[in-house]
Amino acid sequence: MKITVKPEAIRAIYLGSMCAFAYLAVYVVRNILSAVSPQMLELNVLTNETLGTLSSIFFTSYAVGQLINGLIGDKLKARYMMCGGLALAGIAGLVFAFFAQSPQIAYVAYGATGFFLSMIYGPMTKMVAENVSPLYVARCGVGYTFSSLFGSPLAGLLAMAMPWRIALYVTSFILVGVGVLCFTLFLFFEHRGIIVYNHYERKKEEGGSIQILLKHQIVKYTVVSILTGIVRTAVVFWLPTYIAQYLGFSAETSALLFTVTTLVISCSAFLAITVYERLGRKRDLTVFLAFTASAVCFLLLYFIKQPIFNIIVITLAVLFANCAASILWSVYCPSLRDTGMVSGATGFLDFISYMSASVASTVFANAVSAIGWNGLILVWFGLMAIGVLIALPFKGGKTHVE
């Protein structure tokens, strides 16, 4: 029996694989500082306060970059945005690794790394949305969403296998290499007609940008972006420190547990899209269920003190929150294709997400001293409870269906 693969599916596999590979490199670099932070804290290379400042600077520059580069990405080819961002971020990462013990230079270099990495997601989402059949767009999104989450356990493995500075060097060199490889693949795909730019434009009679986005639930999904951004970015960034300080594990064991927990969390993209399709592609209902499950887990976390069970519950809490994030990035953002503003809108949502994470990361650093980890757990529960309210799926008595 001959198996026929549709050209649309082949195109999706090509572009989805390239994006997933590039995004995996991005998230290994993004998570490597978090993964090696127990080493750096133990060796007095950094303090909690310095680490909090670095993460805040990174998230802020990444957020501002998402806003700027998202708008540019609606005008400039994804080839230049993605590949340039990868290579430049790798170079900035090398500078950070070399000057990590010189705070002023480290702050600038790590901030630059964040800005250059922000050149990738918006243009990538636009390129996929415009060149892949709607049937396969969400599945492509699963691929690079999985990569974004799988970057954490890979960073954890590097942290276990290497001294902190070597791990930073290795990941930065990888990023430069991936940038060069992707540039070559872009040229090949463009030559073969697999990638074509700007063949979806906004209709003039639809109204202004704000009006169009309001019709597409931009306010609701902005709040979803804020809440999931805090959990998937700031909470995960502090997870190794939480495991070491609150649960009492050594730096080496913390790195191992961080690897295991983030490996489980990386499956959230597959879980989210599976539930979404089983529910009849009901986007809002899927987000509502994800926030509800996460809120329940964070509440349980407050009462569970046994370390292993505590780690299991916080892993599930973050996993379910990331399910809501997966629907946002893999389903909602590509659904804006016909507006001609996929990159700009995605950049805006990412900007909001990481600005929230930037503020939250600094707050978390101070909150540990002020209210302790138990108080911080209740804050995390409160955020997910807000998500439950904002994500209520019924609008005019009907659940939104893609």
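Only a predicted model underlies this, so the values are computations on that prediction, with no experimental measurement involved. All heavy atoms count here, side chains included; hydrogens, waters and symmetry mates do not.
- Across L247 and P307, no two heavy atoms sit closer than the pair CD1-O, 4.0 Å.
- In this structure, a donor-acceptor pair under 3.5 Å is present between the side chains of Y221 and D284.
- The residue from L271, T261, V231 that alone fulfils the side chain to side chain contact (heavy atoms under 4.5 Å, CB included) condition with L319 is L271.
- Below 30°, between 30° and 60°, or above 60°: for Y110 and F58 the angle between ring planes is between 30° and 60°, a tilted geometry.
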Next on the checklist: Between Y23 and Y121, does the ring-ring contact (aromatic ring centres under 6.0 Å, His included) criterion hold? Intermediate values first, please.
Outcome noted: CA-CA 8 Å; Y23 223 46; Y121 190 71; 5.3 Å; yes
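- A donor-acceptor pair under 3.5 Å links the side-chain atoms of D74 to the main chain of G344, judged by distance alone.
- Of all non-hydrogen atoms in A155 and I32, the two that sit nearest each other are O-CD1, 3.7 Å.
- In this structure, the side chain of K220 engages the main chain of L392 through a donor-acceptor pair within 3.5 Å.
- In this structure a side-chain-to-backbone donor-acceptor pair under 3.5 Å is missing from T50 to L46.
- Considering every non-hydrogen atom in both I243 and F258, the closest pair reads CD1-N, 4.1 Å.
- Ring geometry, W380 versus F364: the interplanar angle exceeds 60°, so the pair is classed perpendicular (tilted spans 30 to 60°).
- A donor-acceptor pair is defined here as one N or O able to donate and one able to accept, closer than 3.5 Å; no such pair exists between the side chain of D350 and the backbone of T346.
- For the pair Q306 (side chain) and F309 (backbone), a donor-acceptor distance under 3.5 Å is present.
- Aromatic ring centroids of F173 and Y169 lie 6.0 Å or more apart.
- Taking all atoms of both residues into account, the shortest heavy-atom contact from A391 to V287 is CB-CG1, 3.7 Å.
- Looking at T228, its side chain never comes within 3.5 Å of a backbone N or O of A325 through a donor-acceptor pair.
- S250 and T253 form a side-chain donor-acceptor contact under 3.5 Å, judged by distance and modelled atom types alone.
- R11 places no side-chain N or O within 3.5 Å of a backbone atom of V132 that could act as its donor or acceptor partner.
- The distance between the ring centers of Y14 and F189 falls below 6.0 angstrom.
- Side-chain atoms of R165 and Q39 form no donor-acceptor pair, as typed in the model, at a separation below 3.5 Å.
- Judged by distance alone, with hydrogens and angles left aside, the side-chain atoms of R283 form no donor-acceptor pair with the main-chain N or O of I327 at under 3.5 Å.
- The nearest pair of heavy atoms linking M82 to A22 is CE-CB, 4.4 Å.
- Looking only at distances, a side-chain donor or acceptor of S147 sits under 3.5 Å from a matching main-chain atom of A20.
- Counted by atom type alone, N374 and K305 present one or more donor-acceptor pairs between their side chains at under 3.5 Å.
- Side chain of S294 to main chain of A317: a donor-acceptor pair is present (N/O by atom type, distance under 3.5 Å, no hydrogens or angles).
- Each of L175, L88, I91 was scored for a side chain to side chain contact (heavy atoms under 4.5 Å, CB included) with F116, with one residue passing: L88.
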